[in-house]
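Everything below concerns the one structure shown next.
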Amino acid sequence: RYGRIEPSQEKFMAVAAPIQIRFERFDGALGIAPAKPPRVVTPQEKPALIARIKERLKALDAVFVAHYYVHPDLQDLAQETGGTVSDSLEMARFGHDHPGRTIVVAGVRFMGETAKILNPEKRVLMPDLAAECSLDLACPADAFTKFCDAHPDRVVVVYANTSAAVKARADWMVTSSIAEKIVAHLHAQGKKILFAPDKHLGDYIRRVTGADMLLWNASCVVHDEFKAVQLEELKLLHPGAKVLVHPESPASIIAMADAVGSTTGIIQAAERLGAKEYIVATDGGIIHQMKKRLPGVTFIEAPTAGKGATCQSCAHCPWMAMNGLHNLLEVLETGRNEIHVDPAVGKRAKVSIQRMLDFARAHLPAMKGSGDA
Ligand code: 13P
Ligand code: SF4
């Protein structure tokens, strides 16, 4: 799925060729971006790699934070070393609150950038800086600025999955769990909204809040691949299973959900609903944490377009998959792959992020520090 590895290649370097990911650009054109799988880890080398990473984290006074979608080995490492596995916002908050001078982020680039914007005085490293996100790629700052300028009567609300420059043009940044509440709050004040970049998330929020929302055209290559007919069939095979859906999914998938939520929201819903089986419509990496928290419960990945070699993501983000044990150790040994954000851009971007953090503190005290404000 992530490119073919020739046996001769594996012996010497164990690096697969990059795969090319297709995504829809904001103007409807086809965009293509590479995703390079990390070097394969053999069972023989894994224990020594993990031990060395732990040593280096200590030596550098570094904290390791990981997203739910990265490889289980990295999730376990974050938890075993006093770091965290969570969503992008909590990853950044955690790094901020932690006394460590260096934050190592296993996720995609916007997550490292958010960590840097909130913690400009700290060093932020990532295993691979080319770990993109189709939402971020489909929302270039220049085109987005023009769009905003053409609609000066609208409050600009952007999703966390954007570049620092896009956040800098926004009035508010939101994550998936707080987006609905912030839009409802703005709607109650009679504000009209411009929302970017995720059209599915935007459409979902528009339907539940009734707000006047103008949407950017972009989607997540992973969630966009979930298919309603196949999900209906899977539900017939598992009549007792509850369906958990991330709001980056199309409306036809959301319509079948027993719970819609952010990554942390999905985990919390599984804990709350008490079913024996769940069908999970988000990146399958999250199931590692769900199994840890709910042993004995069955989790089934929601079906995607195509099967095996014919699906693009197969419910696994190809850019999240770029994080591995080898490239993690490499950045810890070399200090390479540091995230830099232009300080002036970072300062402006922080305003939209801070607005969301302040809102969460004032309106949702229980969510503070929950991992998914
Ligand atoms: P969460 O904020 O819900 O973790 O989502 C991040 C993401 O990229 C989902 O695809
Ligand atoms: Fe972006 Fe989708 Fe990957 Fe999340 S899963 S980082 S939204 S491409």
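Computed from a prediction, not measured in an experiment: that's the story for all the values here. For reference, positions follow the sequence shown, starting with 1. Start at 1 and go down the list; that is how both ligands and their atoms are numbered. Keep in mind that the numbers below use all heavy atoms, side chains included, and drop hydrogens, waters and symmetry copies.
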Once you restrict to heavy atoms under 4.0 Å, what part of [X] touches ligand 1? Side chain, backbone, both or neither.
X: Val222; result: neither
X: Tyr69; result: side chain
X: Ser262; result: both

Work out whether the distance between some heavy atom of Cys220 and some atom of ligand 1 is less than 4.0 Å. no
Yes or no: does Met320 have any heavy atom under 4.0 Å from an atom of ligand 1? no
Closer than 4.0 Å to some heavy atom of [X] - which atoms of ligand 2 meet that?
X: Val222; result: 5 (S)
X: Ser134; result: 8 (S)
X: Val108; result: 6 (S)

Looking at Arg207, I'd like to know if its CZ atom is crowded, meaning that more than 12 non-hydrogen atoms belonging to other residues, nucleotides or ligands lie closer than 6.0 Å. yes
Enclosure of Lys347 NZ (heavy-atom neighbours >12, cutoff 6.0 Å): no
Counting only heavy atoms, which portion of Glu248 has something under 4.0 Å from ligand 2: side chain, backbone, both, or neither? side chain
Side chain, backbone, both or neither: the part of Asn161 lying under 4.0 Å from ligand 2 by heavy atom: side chain
Tell me, please: is Leu135 in heavy-atom contact with ligand 2, that is, under 4.0 Å? yes
Among all protein heavy atoms, pick out the one at the shortest distance from atom 1 (Fe) of ligand 2; state its residue, atom name and that distance to 0.1 Å. Cys133 SG, 2.4 Å
Are Val222 and Phe299 connected in the hydrophobic side-chain network, where two residues link if heavy atoms are under 4.5 Å apart? yes
Could you give me the CA-CA distance, side-chain angles and deciding distance for His185 and His363, then say whether ring-ring contact (aromatic ring centres under 6.0 Å, His included) is met? CA-CA 10 Å; His185 168 79; His363 297 265; 5.3 Å; yes
Please name the pair of heavy atoms, one in [X] and one in [Y], separated by the smallest distance, quoted to 0.1 Å.
X: Gln75; Y: Gly285; result: NE2-O, 3.2 Å
X: Arg272; Y: Ala259; result: NH2-CB, 4.5 Å
X: Glu301; Y: Leu234; result: O-CD2, 4.0 Å

Go through the side-chain N and O atoms of [X] and [Y] and say whether any donor and acceptor fall under 3.5 Å apart.
X: Thr282; Y: Tyr69; value: yes
X: Asp224; Y: His200; value: yes
X: Asp283; Y: His67; value: no

Numbering as shown, the atoms of ligand 1 that approach His67 to under 4.0 Å (heavy-atom distance): 4 (O), 6 (C)
For Asn161, the atoms of ligand 1 under 4.0 Å from one of its heavy atoms are 7 (C), 8 (O)
Taking it one step at a time, do Phe147 and Trp216 satisfy ring-ring contact (aromatic ring centres under 6.0 Å, His included)? CA-CA 9 Å; Phe147 187 58; Trp216 186 259; 5.2 Å; yes
Between Ala33, Ala35, Cys220, flag the one that comes closest to atom 2 (Fe) of ligand 2 by a heavy atom. Cys220
Does any N, O or S atom of Cys317, backbone or side chain, fall under 2.8 Å from atom 1 (Fe) of ligand 2? no
Looking only at distances, please establish whether an N/O atom of ligand 1 is found under 3.5 Å from an N/O atom of Thr175. no
